Amino acid sequence: MEWVGGCASGQAGLVNDRAPVPYRFDPDATAAGLKQQYGQLEAGVETGDRVVVAGRLMLRRGQGKLAFGQLADSTGRIQLFATANDTPDFERFGKLSLGDWIGVSGEVMTTRKGELSVKVLEWSILAETRRPFPDKWHGINDPDTRYRQRYVDLWVTEEARLTLQARSKIVSLIRRWLEDRDFMEVETPALHPVPGGALARPFTTHHNALDQEMFLRIAPELYLKRLVVGGFERVFEIARVFRNEGISPRHNPEFTMLELYQAYADWTDIMELVEQLVAYLAIEICGSTTVTYQDRELDLSVPWRRASMASLIEEQTGRSVGLDTPIDELRALCDELDVEWRDSYGAGKLMLEIYEKTAEGEQWDPVFVTEYPVEVSPLARPHRELPGMTERFEGIVAGRELCNAFSELLDPDDQRARFEDQVRERDNGDEEAMAVDEDYLRALDYGLPATGGLGIGVDRLVMLLTDSATIRDVVLFPTLRPEQDLGSGSMEPGGDGQTSST
RNA sequence: GCGCCUCUAGCUCAACGGCAGAGCAAUGGACUCUUAAUCCACAGGUUGGGGGUUCGAAUCCCCCGGGGCGCACCA
């Protein structure tokens with residue numbers, strides 16, 4: 001390792017004074033690793049063990065011929081202990097800016113007060129910060145600044161770092177869990193000629209060479225089922241999907257959806273899969289199936305409650321409704337409950353609207369809501385016992401939809417009729433209705449066996465497991481309006497360029 | 001898209017019709033065991049932008065812009 005320690009340029013104090021920094025560096029210890037290995041050390045011990053650490057200087061305390069610092073890396077923080085006698089270029093070390101990246105080689109020790117530290121015996125600057133770091137105690141409070149400058153937020157907001165690290169861990173655990181069950185990860189197109197697989201407004205774009213309108217996918221569903229037709233019996237995709245809709249604490253225009261399809265399975269198999277997967281993740285991430293979400297306890301243990309949509313409506317409103325309830329009665333109930341409806345809505349759509357208004361948000365502990373009407377489930381297979389219903393369920397946790405799943409619709413003729421119903425709804429002004437996907441129908445013509453399918457909102461799952469109130473906290477770079485005053489001028493040395501919330 | 005709230009130093013916040021302030025950061029100095037170190041000194045502002053009311057506006061009113069939260073849409 002080449003040490004560039006003591007490379008102060010002699011022009012200290014100038015903003016543009018950039019020390020030469022090494023092309024590579026080889027740390028051999030981390031803050032967390034040191035705490036784990038030496039955590040039990042008594043006060044005043046010098047171990048003689050030499051380690052190399054690297055990171056950002058987050059705190060600094062001069063003490064005459066001593067100096068203390070706190071070095072942060074991706075695992076946490078460790079104290080640095082520098083002395084005029086042992087630390088080369090001690091003077092310069094004491095003048096480092098908060099936020100500077102440094103590499104340190106030194107001896108593992110504890111101070112007289114017992115704080116585990118690395119005594120700085122060699123050090124070098126790995127990168128200087130030319131912008132001041134936020135308040136060392138309060139950090140950044142303005143949410144907009146946090147999301148825009150995530151590269152700073154990750155250093156000064158520990159929860160942000162831990163949450164986003166947990167997200168990575170969760171996605172990794174999902175992959176491994178599914179692979180252990182013989183699911184194969186695939187990647188299907190994100191550019192779709194026909195948007196499908198969900199009810200949502202797409203982003204539109206254009207391919208120049210093909211001179212063709214294209215859509216960013218709103219769901220990978222129809223491609224994944226094509227793969228089951230193709231003989232991949234268990235597939236999954238962790239898909240970034242795009243929906244041209246509002247932004248809110250629970251919605252980002254691009255978000256991540258886990259979809260999986262299992263041949264020969266039905267919706268009951270998928271229910272078991274979901275509750276087991278989520279319980280497994282809760283234990284791995286939170287240490288228990290009982291987690292706290294927004295100051296309220298949440299029991300994710302298996303099995304989750306099953307309840308039909310109609311029964312939940314009755315539970316909340318005391319009114320018994322079903323597909324055979326006269327339409328006027330349903331409309332009257334909507335009016336009574338302040339639920340908007342249109343003439344084109346059938347009994348199934350009215351039921352769904354009533355359920356979403358009255359019951360969905362009232363659920364807290366997980367519940368699989370079953371028996372969705374055919375009318376609102378264009379890709380789900382008819383219920384084997386209940387006419388007009390499908391074998392579809394949604395998993396509701398903490399009052400929000402976590403997943404949507406069903407026994408997949410197999411019959412090409414039925415599917416064509418459902419698509420055509422959707423087109424009629426589109427003609428009636430429903431911009432989220434589906435279009436006919438002829439190639440998908442052709443695939444179904446070749447035969448799809450019984451298949452259970454699932455979509456889970458990964459962002460919302462991460463929110464639950466990390467106790468995050470907003471989706472922006474679990475997305476590294478959430479969608480924001482572009483900053484207005486951030487031109488090329490901000491890159492000029494000495495330019496103000498500080499990007500506040502304005 | 002509609003409603004409510006909000007925008008003051010690099011960061012976190014005061015001042016709420018009467019001289020724009022503090023802490024941290026920065027800058028200069030003291031200090032051999034600090035833990036958000038402490039102490040001394042110094043500096044930092046077109047109060048988001050524009051207009052209006054007023055003897056006087058960060059403060060009240062209007063318009064515009066950014067952000068937050070609800071509603072609507074949705075996952």
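Values reported hereafter were calculated over all heavy atoms of this structure, with side chains retained and with hydrogens, waters and symmetry mates removed. Just so we're on the same page: letters track the sequence lines, and every chain starts at 1. None of the values given here were measured: they were computed from a predicted structure.
In this structure, Phe68(A) does not count as stacked on the base of A37(B) under the 5.5 Å centre distance and 30° plane angle limits.
For RNA chain B, each stem of at least three Watson-Crick or G-U pairs (distances under 3.5 Å) is given as range with range: B:1-7 with B:65-71, B:10-13 with B:21-24, B:27-30 with B:38-41, B:48-52 with B:60-64.
Here Arg481(A) does not reach the OP1 or OP2 of G65(B): none of its side-chain N or O atoms lies under 4.0 Å away.
Between the CZ atom of Arg56(A) and the C1' atom of A25(B) there is a distance of 15 Å, given to the nearest Å.
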Check: residues 53-63 of chain A side-chain donor-acceptor pairs under 3.5 Å, at least two apart:
| from | atom 1 | to | atom 2 | distance (Å) |
| --- | --- | --- | --- | --- |
| Arg56(A) | NE | Gly99(A) | O | 2.7 |
| Arg60(A) | NE | Leu96(A) | O | 2.7 |
| Arg60(A) | NH1 | Gly94(A) | O | 2.9 |
| Arg61(A) | NH2 | Gln79(A) | OE1 | 3.3 |

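Proximity of a side-chain donor or acceptor of Thr87(A) to a complementary backbone N or O of Ala82(A) within less than 3.5 Å is not detected.
Scanning atom types as modelled, one donor and one acceptor separated by under 3.5 angstrom connect the side chain of Asp135(A) and the base of G23(B).
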Table of protein N/O atoms under 3.5 Å from nucleotides 68-70 of chain B N/O atoms:
| from | atom 1 | to | atom 2 | distance (Å) |
| --- | --- | --- | --- | --- |
| G68(B) | OP1 | Arg472(A) | NH1 | 3.3 |
| C69(B) | OP2 | Arg472(A) | NH1 | 3.4 |

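For Glu245(A), counting side-chain heavy atoms from C-beta on, the closest listed nucleotide (A75(B), A37(B), A36(B)) is A75(B). Distance from the side chain of Leu66(A) is smallest to U32(B) among U32(B), G67(B), C24(B).
Between Phe419(A) and Leu379(A), the closest side-chain pair of non-hydrogen atoms falls below 4.5 Å.
Residue-level contact check: Asn252(A) touches the bases, meaning some heavy atom is under 4.0 Å from a base atom. Residue contacts shown for Arg60(A) are limited to sugar-phosphate atoms, with no base heavy atom under 4.0 Å away.
The two residues Ala219(A) and Arg243(A) come nearest to each other via the heavy atoms CB-NH2, 4.3 Å.
Ionic pairing of Glu159(A) and Arg146(A) is not present here: no N-O contact between side-chain nitrogen and carboxylate oxygen is shorter than 4.0 angstrom.
Looking at Val376(A), Leu409(A), Val374(A) one by one, the single match for side chain to side chain contact (heavy atoms under 4.5 Å, CB included) with Thr390(A) turns out to be Val374(A).
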